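Working notes for the structure below.
Convention: sequence-line order gives letters A, B, ...; per-chain numbering from 1. Everything quoted here is computed from the prediction, not taken from an experiment.
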Amino acid sequence: MSDQLLEIKDLHVKAEDKEILKGIYLKINKGEIHVIMGPNGSGKTTTANAILNNPVYHKVRGSIEFDGENITNWKTDEIARRGIFMSFQLPEEIPGVSVTNFLKYAKNKVTGRPVKIFEFKDELKKYMEELNMNPKNMERSLNVGFSGGEKKKNEILQMLVLNPKLAILDETDSGLDVDAIKTVSKGIEMFKNNNNAVLIITHNTKILHSLKVDYVHVLVDGKIVKTGNQNLAKEIEENGYAQYK
Amino acid sequence: MLYPMSILNGEGAKTEFTGISFAGKGQNLDNGFKVIHNAKNTSSIVNAKSISKNGGKCTYRSLVRIEENAKNSKSSVSCESLMLDDISISDTIPVNDIRTDDVEFSHEAKIGKISDKTIFYLMSRGLSEEDAKAMIVRGFAYPISKELPVEYAVEMNNLINLELEGAIG
Ligand SMILES: Nc1ncnc2c1ncn2[C@@H]1O[C@H](COP(=O)(O)OP(=O)(O)OP(=O)(O)O)[C@@H](O)[C@H]1O
Ligand SMILES: [Mg+2]
């Protein structure tokens, strides 16, 4: 059994004729936490969307291999069921569908079998306590009228419930207060084990303090221009991206 | 075509109308509701939703007439439509004929299309495109289905799933 989970090779991506990704290479093994940092508009969200094959983003060249399969052209839901999850920078609102029902339904789809109601409720309750979430919100429509921070915690809750092999977190820490950032890193720690991996996209090194980060990648203008360890994040926090442009 | 009508002749009379229509390929559903407030302190509530897909067309006509003698009456009309694609059509034609000042009247019409972003979000949670659309439609219809007796609500959800082929659950 190989430890490799994800391998992106020479990925070029366009949207509306704009070239956004210009040759991304990225390898993620089981048990690792990776971080992507980079200036606004450099292609971080696009990379996450391309992994999940959002049809808005057109792959011009390159390949994505995940868990032994070439998923480059798979449909988004097939990729999700294979084990990739993405926490959205801007989560969508679904009126009339409660958080509980949504999670139950999605879990059914991802695992391919009906969830056991009592187990599911216990699990949900445990995660919500850990994430300091208001149980009343579970019966509200998914994300409708939720505050920015509540939406982000909801994404982490979904990650825990769906239990993917690879979780991509796109600025899940943005707009969170100090305590909520701690809560989110606690959620990541709770999720993380030797058989899965996390890819964190962030502008903020605060969330990285309590996590054991293996690699930090710097993405500038559609390319990964540098890879290092946690110290690279510190260096960027101090000096910005000027030297990489 | 279906145009129920209420005439509120007695003082304090009330009417409430709730309806939902689903137009598929080749269908042109023309529905509506009429209410005439003809006495003091009367009230009406209209809550209509429509869904159109595959080039289907939903038209909703509402007529609210509040007569001069219908002082202190209330009327609230809400029409919401959801289109599942670019080729479907939805139209709301409200006629409000209000002949006295002493009323509370509100009319709300919303027309929306299922967004690709929402579909992508749901697909990233393991739902197929059909499942995603069916979930959005069920949620859209929920304010109506929750008012129905449970057997009817179940039936309605089954119909929605059937309309959006391939979606079960
Ligand atoms: N659907 C699209 N159509 C056209 N251009 C797009 C589209 N999506 C993204 N872009 C462009 O691609 C570039 C990269 O966008 P992306 O969202 O990946 O940036 P990012 O690195 O996530 O930035 P941020 O830190 O601000 O979130 C931007 O210039 C953006 O305007
Ligand atoms: Mg982004």
Residues two or more places apart in sequence or in another chain: which of them pass salt bridge (Lys or Arg N to Asp or Glu O under 4.0 Å) with B:Glu155?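 If we apply the salt bridge (Lys or Arg N to Asp or Glu O under 4.0 Å) test to B:Glu155, skipping adjacent residues, there are no hits.
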Does a sphere of radius 6.0 Å around [atom1] in [X] hold more than 12 heavy atoms from other residues, nucleotides or ligands, not counting ones at 6.0 Å or beyond?
X        : atom1 : value
A:Lys165 : NZ    : yes
A:Lys192 : NZ    : yes
B:Lys113 : NZ    : yes
B:Glu68  : CD    : no
A:Lys27  : NZ    : no
B:Lys34  : NZ    : no

Work out which heavy atom in B:Ser124 is nearest to a heavy atom in A:Ala80; give both atom names and the distance.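 Minimum heavy-atom contact is O-CB, 3.3 Å.
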Please report the shortest heavy-atom distance between B:Leu122 and A:Phe102, naming the atom on each side.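 So the two residues come closest at CD2-CE1, 3.3 Å.
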Working to the nearest 0.5 Å, report the span between [atom1] of [X] and [atom2] of [Y].
X        : Y        : atom1 : atom2 : result
B:Met123 : A:Lys109 : CE    : NZ    : 12.0 Å
B:Leu127 : A:Asn108 : CG    : CG    : 9.5 Å
A:Asn49  : B:Lys117 : CG    : NZ    : 10.0 Å

Within the 4.5 Å heavy-atom criterion, are [X] and [Y] side-chain neighbours or not?
X        : Y       : value
B:Ser115 : A:Glu92 : yes
B:Tyr142 : A:Val97 : no
B:Asp116 : A:Val56 : no

Can you tell which part of A:Leu162 gets under 4.5 Å to a heavy atom of chain B, answering side chain, backbone, both or neither?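 Side chain of A:Leu162 only, per the 4.5 Å heavy-atom cut-off to chain B.
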What part of A:Pro114 lies closer than 4.5 angstrom to a heavy atom of chain B: side chain, backbone, both or neither?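 No part of A:Pro114 comes within 4.5 Å of chain B.
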Determine whether A:Asp77 and B:Glu129 satisfy the following criterion, side chain to side chain contact (heavy atoms under 4.5 Å, CB included), listing intermediate values before the conclusion. CA-CA 8 Å; A:Asp77 55 315; B:Glu129 190 173 339; over 6 Å; no
B:Arg125 side chain to A:Ala106 main-chain N or O, any donor-acceptor pair under 3.5 Å?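 A pair under 3.5 Å: no.
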Can you pull out every side chain to side chain donor-acceptor pair (under 3.5 Å) where at least one residue sits in residues 101-111 of chain B? Sequence neighbours excluded, please.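 Sorted result for residues 101-111 of chain B: empty, none.
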Residues in ring pair (Phe, Tyr, Trp, His ring centres under 6.0 Å) contact with B:Tyr121, at least two apart in sequence or another chain: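 Counting only residues at least two positions away or on another chain, B:Tyr121 forms a ring pair (Phe, Tyr, Trp, His ring centres under 6.0 Å) with A:Phe88.
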Among A:Lys75, A:Glu78, A:Gln158, single out the residue with the greatest number of heavy-atom pairs under 4.5 Å to chain B.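 Most heavy-atom pairs within the cutoff with chain B belong to A:Gln158.
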Toward chain B: residues of residues 120-143 of chain A with heavy atoms under 4.5 Å: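 Against chain B, the residues of residues 120-143 of chain A that fall inside the cut-off (heavy atoms, under 4.5 Å) are A:Leu142, A:Asn143.
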